[in-house]
Protein chains: 2
Amino acid sequence: MPPSSRPEVFPVHTPAASQIFTTVLSHGPLTRSEMAGRTGLSAAAVTKAVRPLIEAGYLVEDVDEEARRALGRPANPVRVDGGRALFLGVKVTGDELIGVLTDLCCRIRVARHLPLTDRDPKPVLAQIAELVRELLTEADGFGVRVRGLGLAVSGDVDRAAGAVRYSPFLEWRDVPLAELAAMTTGLPVTVDNDVRALTVAEQWFGAGVGLSDFAVVTVGAGIGCGLVVHGQVVAGAHGVAGEIGHVAIDPAGPLCHCGNRGCVEAIAGEEAIVAAVGEAAGVQVADAAEALAFAHRGDAGARAVYARAGEAIGRGIATVANLLGPELVIISGEGLAAYDLFAEQIRDAFAAAAFGSAAQCAVRTRPLPFEEWARGAAATAIQSFITTDQN
Amino acid sequence: MPPSSRPEVFPVHTPAASQIFTTVLSHGPLTRSEMAGRTGLSAAAVTKAVRPLIEAGYLVEDVDEEARRALGRPANPVRVDGGRALFLGVKVTGDELIGVLTDLCCRIRVARHLPLTDRDPKPVLAQIAELVRELLTEADGFGVRVRGLGLAVSGDVDRAAGAVRYSPFLEWRDVPLAELAAMTTGLPVTVDNDVRALTVAEQWFGAGVGLSDFAVVTVGAGIGCGLVVHGQVVAGAHGVAGEIGHVAIDPAGPLCHCGNRGCVEAIAGEEAIVAAVGEAAGVQVADAAEALAFAHRGDAGARAVYARAGEAIGRGIATVANLLGPELVIISGEGLAAYDLFAEQIRDAFAAAAFGSAAQCAVRTRPLPFEEWARGAAATAIQSFITTDQN
DNA sequence: TTCTTTCATTGACAGCGGAAAATAAGGCGC
DNA sequence: GCGCCTTATTTTCCGCTGTCAATGAAAGAA
């Protein structure tokens, strides 16, 4: 895939066009009048915004024979042509890279893993380059250029600067990852925090579509939370936000690695659950799967551990709801494998601790395939591509 | 003050003009080039936006002889003429009305109280009308029209609809207060939640000026919190947000009137403190002042109660910081009278429970004179006046 | 076929904000 | 006191975006 060096940019030069495109991207096929209604723009503005996007091939008219209204000229639904552009997303964890190739609609086309052999920035960068190369080879088969790379890293990430300020798992400090990756891969690179990236994916392509205030809670090794307020992902003035895992809910709770007692993560994080199940059963429990097996086998102690975890998560979510009053909380993450073991406790604890109308907030779970994190990274790349500084 | 029936509106018809005016309002006298720099607009746009505002008398040129730069044409600072318009703000509590008359810069000119004799909407409305009449009489002395009335009510308030959805203290449900008050007073009325109103005042005229993410925590009878995220006050999808008072921080804590255990308010709210001090001292303690006196007299039990309250507040603030990563938290409220008794605990608990860079968030206290709540209400009226639906 | 209804497009136009040139208003050096 | 220099502000176009109102298009209905 030699870069065809045509500096083709996304043909969106006005706020209206940008609004139109993201609306169609999120809300599936829409007729022009629906777009006008949704965005508040005039029909004329829609026509003018849509034309260059169709000419450039990013939008296509859907000749949908069904669903005709009885009267009047039939409406012409327009949708995003997902195949028009490809993107890469890579999630960097402490011990592996997960990469995906997605289309413009953020549908995963190819997924790949790569175990990480060394956590220093340089070798990690080399392995990112390797994974990107593999995925680019796959992309060749689609005959469409890859327009951007998103990297998702846990920890304190400054997206605007493209730098990883501090990542505990990788033990990185102030790594200008976007710049480095752009040099080695030749692609435009977007770097963001992993939970925020996942939240962007939900906001544009998932359960958060159309909502201006919602939260994504991830349950797994850590307990994370991405927040969308006023239609924007919350980044925090100092790069830290959504640390629901370190909301302390019990001064008498177990010690957390952050130094406090009773953090949600110290009760419901994977490590904590594995340890607690082991203790309850009086045996060594190696990992989450084994702990889960214990509980599913009916071990009362193990079940109690999960119940306690569910309560902690429910209280954490209630805290978010009490402070922000979101419309929806999406629970996701690998930890959802144990959902049957703590669903009830999450709901009960949430209902009990949510104050007043905050309890009206809907709570929904979503399974999270392992590539989802990488898909989030791709979503940030798509976002960057679309909103590229052409204002 | 007969309404002079001239439907004079605020001469702001463009986003640029609105931006300019609010910038000057918040950031004191500014020269035109400073405005351009701050807002990102061109010098030409500033000139065009400023002229009609000066012509209408809302802005005035400050002939400031000092602070001249050595070289070049002297700059002309421009400031808002506070005296150009007056506003009323009324805070409605369960047992009294607090009203203020402010100028356009939200400086209090006159303050008045009125004990509330009945909590039903109708008599309350009549008393609001009475207080407004008094304040309007005072306003006559200034020879300037009163342009709006803000009403601050605790509870679930829908500002856009101008309705009080539910107020526990007043026992109101779905009262269309803005409409009713507009009818009886003849003024444009803005109704908002009291803590949010206070937050608006801080955002435009207080310590939150220029910040896009901060929180206001009020300590008093209740523990409340107003949040500003992405430069906008958070209202919550269901009208509830910032309920820091009902963030549960200790499952073994005292029972809260909301039904849970260990809410911040159940530990640090006035009622809780009074009860706990009474219990510690083994005597009847009537009110907050008496409880405070006990502690200041050195009673160890009473001091411990305040220490515990401080810790609860600090943990609550840390929760906000962990979730939202604000730049600043402003602590205010009548409860600050006891600040010397729990300042240390607030800081320590915050520092301990804040995760990572969230601890970089500044925490500042601000005394809260009793009229401040009413001033917040006036601030919402000013906001409505300025951003009145002229696009 | 002609009418009705709804969707989409076109062309004229108003108005906002930007760029650059012009003007204003001081000190400074001589 | 006179021109020069510097910085602040205004003026004068000008491009561009989005709206309005009128027109064209594509059905089904009469």
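Not measured: the values here are computed from a predicted model. Basis for what follows: all heavy atoms, side chains included, without hydrogens, waters or symmetry-related copies.
- In this structure, CG in Leu86(B) is found 11.0 Å from CZ in Arg145(B), a value given to the nearest 0.5 Å.
- The interatomic distance linking Ile54(B) (CD1) with dT9(D) (C1') rounds to 11 Å, in whole Å.
- Here the C1' atom of nucleotide dC7(C) and the CD atom of Glu34(A) are 11 Å apart, to the nearest Å.
- Separating the CG atom of Leu30(B) from the P atom of dT9(D) is a distance of 11 Å, rounded to the nearest angstrom.
- One interatomic measurement links the two molecules: CG of Leu71(A) to C1' of dA8(C), which rounds to 16 Å at whole-angstrom precision.
- Rounded to whole Å, atom P of dC7(C) lies 13 Å from atom CE of Met35(A).
- Applying side chain to side chain contact (heavy atoms under 4.5 Å, CB included) to Leu151(A) and the options Leu88(A), Thr380(A), Thr190(A), Leu177(A) leaves one that passes, Leu177(A).
- Each of Gln19(B), Met35(B), Glu34(B) was evaluated against Val24(B); a single residue qualifies, Met35(B), per the side chain to side chain contact (heavy atoms under 4.5 Å, CB included) test.
- The phosphate of dT9(D) (OP1 or OP2) has a side-chain N or O of Ser33(B) nearer than 4.0 angstrom.
- Counting to the nearest Å, the C1' atom of dT6(C) and the CZ atom of Arg32(A) are 14 Å from each other.
- In this structure, Thr47(A) reaches the bases: a heavy-atom distance under 4.0 Å links it to at least one base atom across the strands shown.
- The NE2-P distance, from His13(B) to dG15(C), rounds to 11 Å in whole Å.
- Ring-plane geometry between Tyr58(A) and Phe10(A) is classed as perpendicular, the angle between the planes exceeding 60 degrees on a 0 to 90 degree scale with a lower cut at 30.
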Name every donor-acceptor pair, under 3.5 Å, that has one atom in a side chain of residues 196-206 of chain A and the other anywhere in the protein, sequence neighbours excluded.
| unit_1 | atom_1 | unit_2 | atom_2 | d |
| --- | --- | --- | --- | --- |
| Arg196(A) | NE | Asp192(A) | OD1 | 3.0 |
| Arg196(A) | NH2 | Val157(A) | O | 2.8 |
| Arg196(A) | NH2 | Asp192(A) | OD1 | 3.1 |
| Thr199(A) | OG1 | Val195(A) | O | 2.7 |
| Glu202(A) | OE1 | Ala207(A) | N | 2.9 |
| Glu202(A) | OE1 | Arg366(A) | NE | 3.1 |
| Glu202(A) | OE2 | Arg366(A) | NE | 3.0 |
| Glu202(A) | OE2 | Arg366(A) | NH2 | 3.4 |
| Gln203(A) | NE2 | Gly231(A) | O | 2.8 |

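- In terms of phosphate contacts, Thr14(B) brings no side-chain nitrogen or oxygen within less than 4.0 Å of OP1 or OP2 of dG15(C).
- Remark: side-chain polar atoms of Arg375(A) are paired, donor with acceptor, to backbone N or O of Cys106(A) under 3.5 angstrom.
- Rounded to a whole Å, the CD1 atom of Ile20(B) is 10 Å from the P atom of dG17(C).
- Atom CD of Glu179(A) is surrounded by 12 or fewer heavy atoms from other residues, nucleotides or ligands within 6.0 Å.
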Margin query: For a quick check, with a 4.0 angstrom heavy-atom cut-off, what is the B/S/- contact string for nucleotides 18-25 of chain C, read 5' to 3'?
Written below: BB----BB
